Amino acid sequence: MPDIKFIIENKELVEDGLRKKGYEKKDLDLDALIGLHQKISALKTSSQALAEEKNKLSAQIKSASNEERPAIIAKSKELGEQFKVEEQELGRLQEEFDLMMLKVPNLPSDDAPVGKDDSENVVRRYVGEVPHFDFTPKDHIELMAVNDWAEMERIAKVSGSRTYAIKNELSKLELAMHMFVLDKLRGYGFQVITVPSISKEKPLYGQGYLPFSRDEVYYLPQDDLYLSGTAELILNSLRADEILTENELPILYAGFSPCFRREAGAAGKDTRGLVRVHQFMKTEQFVICKNDMAESEKWHQQLLKISEEVLQDFELPYRVLEVCTGDMGAPKYRQYDLEAWVPSQNCYRETHSCSNITDWQARRTNLRYRANADGKVKFVHTLNNTGIATPRALVPFIENHQNADATVNIPAKLQPYMNGVKVIGKNAK
RNA sequence: GGAUAGAUGGCCGAGUGGUCGAAGGCGCACGAUUGGAAAUCGUGUGUACCUCCAAAGGGUACCGUGAGUUCGAAUCUCACUCUAUCCGCCA
């Protein structure tokens, strides 16, 4: 949510941004928002004038003579009544205004491709060679079955659809991937942090999950708590309401957590296998930096570079997609997705999502810092990107690295995390 | 789940109805002192909003959150939330 003053002063710019993001007047009425703000300002002016007068009278009471006092008290009381009425009206309007502001999305970057949905995302580059098998490659579900790597049917009986239980070498691989990425991030100066998957409601507004996607999130009514869909949710609120010093920035978190998603809007999509599950593990990259476009653009590129490096180290062919304005979520200023090649589906599937949020989340969590140059308090910028998310990443991994005998090669960089094992599977020597 | 204690500024901590945006200390910034530093001394040091706007100024609100009593609340009342400790349970 941009600043209301910015919205008023740059109304056309904001309207243009809303249009690009696919908003219509029925989604968000800027004129109503601005009108509400003007009403609130006017009411504040008058109610504050009342408060001032009332305060002045109250201050006189102690020193007033016994004759004067009753009149002053009566007058003050009268002002108090008026004040109360205006305060109540103000509270009502403010609440309405706040709710509306929560719905204002971030404005997209001028450099972001303009488009209405994912069909208009732009491929920036292809990296790595798509493998050509001289045998019929298996999909990841077959590979898991052949190698006794999973309990897909049985776990569905226990835990329902879109759940997974993987075992033996594959679960070792899953955890190894996270260890590998966490070590890499540590090398880049990130603090490794394991965070809860349980959240109060407020952080969901802070991140921008609410009020937009309530259907997507698990809710625990007994405790009025939510299950987190990503460590970003938690990390974004970890420093909420703080005023940091500029010297503390940037703050780099490598967050690890189980993640939960209802996948309510994905009925029928990816129902089999490991691509889309209700619970998964994610190592997340999260950055808090100065309020400076050059600075956050730099971090955006850095995060992208790190995740590309992960896919390269895993020797997976992938492409870099720049997400168009209509497909970006409300919080985003600019977004890249990485998609790795999935042989069985003959297409690229998303493994990473890298976003610059600028100050949009920081305004919601009230996370600020004091700038060294002028001593002014400013909102930070936040950015996030996947480090690695499993089990989805296992899908391209085992499919691309499979051999004719259903064994799977472990890329050199990952072997140290697998006790030096080079090949896994039933037929591995 | 049971019991108790608590929540005040960047931190510690005083404050039981007006003189309290809030003593004192620490920290921080600037200045003096010094060859330089430490120590010492002095000065300053919250946020949001309204008004005004070149700047300054003036004002309102904020002592966990919300409501109430009162001319007036950090202070009194009620509800809630959170935190800590002990007991119970437990990976």
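Residue numbers start from 1 in every chain, and the chains themselves are labelled A, B, ... in the order their sequence lines are given, proteins ahead of strands. Computed from a predicted structure; not experimentally measured.
Cation-pi check for A/K103 over A/F212 is not met; the charged atom does not lie both under 6.0 angstrom from the ring centroid and within 45 degrees of its normal. Taking the centre and axis of the six-membered ring of A/W360, the NZ or CZ atom of A/R363 falls outside the cone set by 45° and 6.0 Å.
Taking the salt bridge (charged side-chain N to carboxylate O under 4.0 Å, His left out) definition, one finds that A/E68 meets it with nothing, sequence neighbours left out.
Distance noted for atom P between B/U65 and B/A74: 12 Å (whole Å). When the C1' atom is compared between B/C78 and B/G27, the two are found 39 Å apart, to the nearest whole Å. Straight-line distance between the P atoms of B/A29 and B/A38: roughly 11 Å, to the nearest whole Å. The gap from the P atom of B/G64 to that of B/G6 amounts to 14 Å, rounded to the nearest Å. Going from the P atom of B/U81 to that of B/G9 covers 22 Å, rounded to whole Å. Going from the P atom of B/G58 to that of B/U45 covers 14 Å, rounded to whole Å. Taking the P atom of each, B/C52 and B/G42 are spaced 42 Å apart, rounded to whole Å. When the P atom is used for both B/G35 and B/C49, the distance is 48 Å, rounded to whole Å.
Electrostatic pairing of A/K25 and A/D31 counts as a salt bridge here, judged by a charged N lying under 4.0 Å from a carboxylate O. A salt bridge does not link A/E9 with A/K5: none of the charged nitrogens is closer than 4.0 Å to a carboxylate oxygen. Under the 4.0 Å criterion applied to side-chain N and carboxylate O atoms, A/R370 and A/E246 are not assigned as salt-bridge partners. The residues A/D224 and A/K200 are annotated as not salt-bridged, no charged nitrogen and carboxylate oxygen being separated by less than 4.0 angstrom. Ion pair A/E248/A/R239 flagged as a salt bridge, since at least one NZ, NE, NH1 or NH2 atom sits closer than 4.0 Å to an Asp/Glu carboxylate oxygen.
One finds the CG atom of A/N106 at 5.5 Å from the NZ atom of A/K21 (value rounded to the nearest 0.5 Å). Atom NZ in A/K75 sits 12.5 Å away from atom OG in A/S58 (nearest 0.5 Å).
Rounded to whole Å, the distance from CD on A/E78 to P on B/U70 is 17 Å. Here B/G46 presents its P atom at 15 Å from NZ of A/K376, a figure rounded to the nearest Å. Computed from coordinates, the A/E86 CD to B/C50 C1' distance equals 13 Å when rounded to whole Å. Taking atom NZ of residue A/K77 and atom P of nucleotide B/U70, one finds them 6 Å apart after rounding to whole Å. Distance, A/D98 CG to B/C49 C1': 13 Å, rounded to whole Å. Rounded to whole Å, atom P of B/G10 lies 18 Å from atom CG of A/N247. In this structure, A/F83 places its CZ atom 15 Å from P of B/C71, rounding to the nearest Å. Rounded to whole Å, the distance from CD on A/E246 to P on B/A29 is 15 Å.
Counting any heavy atom pair closer than 4.0 Å across all strands shown, A/I61 reaches a base atom. Backbone-only engagement by A/S76 is indicated by non-hydrogen atom pairs under 4.0 Å involving sugar-phosphate atoms exclusively.
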Close N/O contacts between protein and nucleotides 79-82 of chain B (under 3.5 Å):
none

With 3.5 Å as the limit, what N/O pairs link the protein to nucleotides 89-91 of chain B?
none

Could you list all N or O pairs between the protein and nucleotides 64-69 of chain B that sit under 3.5 Å apart?
none

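Taking a 4.0 Å limit (strictly below) on heavy-atom distances, residues 43-57 of chain A reaches RNA chain B at A/K44, A/T45, A/Q48, A/A51, A/E52, A/N55.
Residue A/V377 is the one, among A/K5 and A/V377, whose nearest nucleotide of RNA chain B lies closer to the 5' end (criterion: closest heavy atom). In terms of position on RNA chain B, the residue among A/I73 and A/H37 whose nearest nucleotide sits closer to the 5' end is A/H37.
Pairs passing the ring pair (Phe, Tyr, Trp, His ring centres under 6.0 Å) check and including a residue from residues 2-33 of chain A, sequence neighbours excluded, do not occur. Residue pairs that meet the ring pair (Phe, Tyr, Trp, His ring centres under 6.0 Å) test with at least one member in residues 281-313 of chain A, sequence neighbours left out, are A/H300-A/Y336. Every pair passing salt bridge (Lys or Arg N to Asp or Glu O under 4.0 Å) that includes a residue from residues 204-218 of chain A is listed here, sequence neighbours excluded: A/E201-A/R214. Within the structure, salt bridge (Lys or Arg N to Asp or Glu O under 4.0 Å) contacts touching residues 254-269 of chain A (residues at least two apart or in different chains) are A/E263-A/R276. The salt bridge (Lys or Arg N to Asp or Glu O under 4.0 Å) contacts involving residues 294-306 of chain A comprise A/E297-A/R334, where partners must be two or more places apart or lie in separate chains.
Between A/Y218 and A/H278, the angle of the ring planes goes over 60°, which puts this pair in the perpendicular group of the 30/60° scheme.
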Quiz item: Could you write out RNA chain B as a dot-bracket string, with dots for unpaired bases, | for bases paired across to another strand, and Watson-Crick or G-U pairs counted at under 3.5 Å?
Solution: ((((((((.[[[..)..(.....]]]((((((.......))))))((((((.....)))))).[[[[[..)....]]]]])))))))....
Show every donor-acceptor pair shorter than 3.5 Å between a side-chain atom in residues 174-184 of chain A and any protein atom, with sequence neighbours excluded, or say none if there are none.
{"from": "A/E174", "atom 1": "OE2", "to": "A/Y164", "atom 2": "OH", "distance (Å)": "2.9"}
{"from": "A/E174", "atom 1": "OE2", "to": "A/T390", "atom 2": "OG1", "distance (Å)": "2.8"}
{"from": "A/H178", "atom 1": "ND1", "to": "A/T283", "atom 2": "OG1", "distance (Å)": "2.8"}
{"from": "A/H178", "atom 1": "NE2", "to": "A/T390", "atom 2": "OG1", "distance (Å)": "2.8"}
{"from": "A/D183", "atom 1": "OD2", "to": "A/Y417", "atom 2": "OH", "distance (Å)": "2.7"}
{"from": "A/K184", "atom 1": "NZ", "to": "A/E309", "atom 2": "OE2", "distance (Å)": "2.6"}
{"from": "A/K184", "atom 1": "NZ", "to": "A/D313", "atom 2": "OD2", "distance (Å)": "2.7"}

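Of the candidates B/U47, B/C50, B/C71, the closest approach to any side-chain atom of A/R368 belongs to B/U47.
For B/G10, the OP1/OP2 oxygens have no side-chain nitrogen or oxygen of A/R370 closer than 4.0 Å.
A centroid separation of less than 6.0 Å is found between the aromatic rings of A/F397 and A/F314.
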